[in-house]
Amino acid sequence: MPDKIFTNNQVSISGTVVSEFKFSHEVYGEGFYTLELSVPRLSDTYDIIPLMISDRLTDVSKDYRGCYLEATGQFRSYNRHDETKNRLVLSVFVRELAISEDKDEDEDVHKPNQIFLDGYICKPPIYRKTPLGREIADVLLAVNRSYGKSDYVPCICWGRNARFAETFEVGGHVQVWGRIQSREYQKKISEDEVEKRIAYEVSVSKLEYVQESISEC
């Protein structure tokens, strides 16, 4: 019987490894490492997506930079204490992966970056227009996980989807399909200091409002 906790957060991603393994943390003797993946977009640009990988899935002592990696898993979040503030950190928690030196010839037939989420609206969606008139809505989705935990995933909707998302209420049950994207922004640290940071979010291509439901976020 499939576990709903695994089916409400599904990621399939592939691309080129662009970093070495970096130790993140350990749980009951199992080590977890981060790895960065360059994932192509249709627009001939790339997203740099962080993966969280167990040392039980592959040899984390090897340098796989330049190799082609395919993975499935979940898009997860955790709060990292950054000085006096909490910072939401997102990565793909890998459940299965395959690494090869050569790109699969059939890869171009498949989308290299797909995600499905089934969760609940945590904050009132923020609708806005760009200076060029493009409609955008920011949505924060809580996706349930085992042991009463949740992942909090920022999603961005466009056009008609943005207008639709603007009507969602906190606690609403929503399903989204799309891709994970990375976005650079400037964070003002002080009057004289600006820090470059990277945000990760789901660019939504399709969304459905399932039903009205109340969930703690």
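We number each residue from 1, following the sequence as shown. These numbers were taken from a predicted model, which means no experiment stands behind them.
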Exercise for the section: Say whether Q114 and R179, considering side chains only, have a donor N or O and an acceptor N or O under 3.5 Å apart. Expected result: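 No pair is found: no donor N or O on one side chain lies under 3.5 Å from an acceptor on the other.
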
Practice task
Linking directly or through intermediates, with side-chain heavy atoms under 4.5 Å: list the remaining ILVMFWY members grouped with Y127, chain and number order.
Solution key: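 Via sub-4.5 Å side-chain contacts, Y127 links to none.
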
Quick one: list whatever passes salt bridge (charged side-chain N to carboxylate O under 4.0 Å, His left out) with [X], sequence neighbours left out.
X	result
D151	R145
E208	K206
R128	D138
E184	K196

Side-chain ([X]) to main-chain ([Y]) donor-acceptor, under 3.5 angstrom:
X	Y	value
N9	L117	no
N113	P40	no
S14	L69	no
S77	Y152	yes
D55	V60	no
S19	E36	yes
D63	R65	yes
Q10	T7	yes

Exercise for the section: Let me see the working for S205 and W158 under side chain to side chain donor-acceptor pair (under 3.5 Å), right down to the final yes or no. Expected result: CA-CA 8 Å; S205 58; W158 313 89; over 6 Å; no

Exercise for the section: Please work out which of the three classes, parallel, tilted or perpendicular, describes the rings of Y33 and F23, given edges at 30° and 60°. Expected result: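 Correct class here is perpendicular.
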
Exercise for the section: Would you please name every residue forming a side chain to side chain donor-acceptor pair (under 3.5 Å) with D44, sequence neighbours left out? Expected result: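 Partners of D44 under the side chain to side chain donor-acceptor pair (under 3.5 Å) test: none.
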
Problem - Test: R76 cationic atom under 6.0 Å from F93 six-membered ring centre, within 45° of axis - result: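 Cation-pi check for R76 and F93: passes.
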
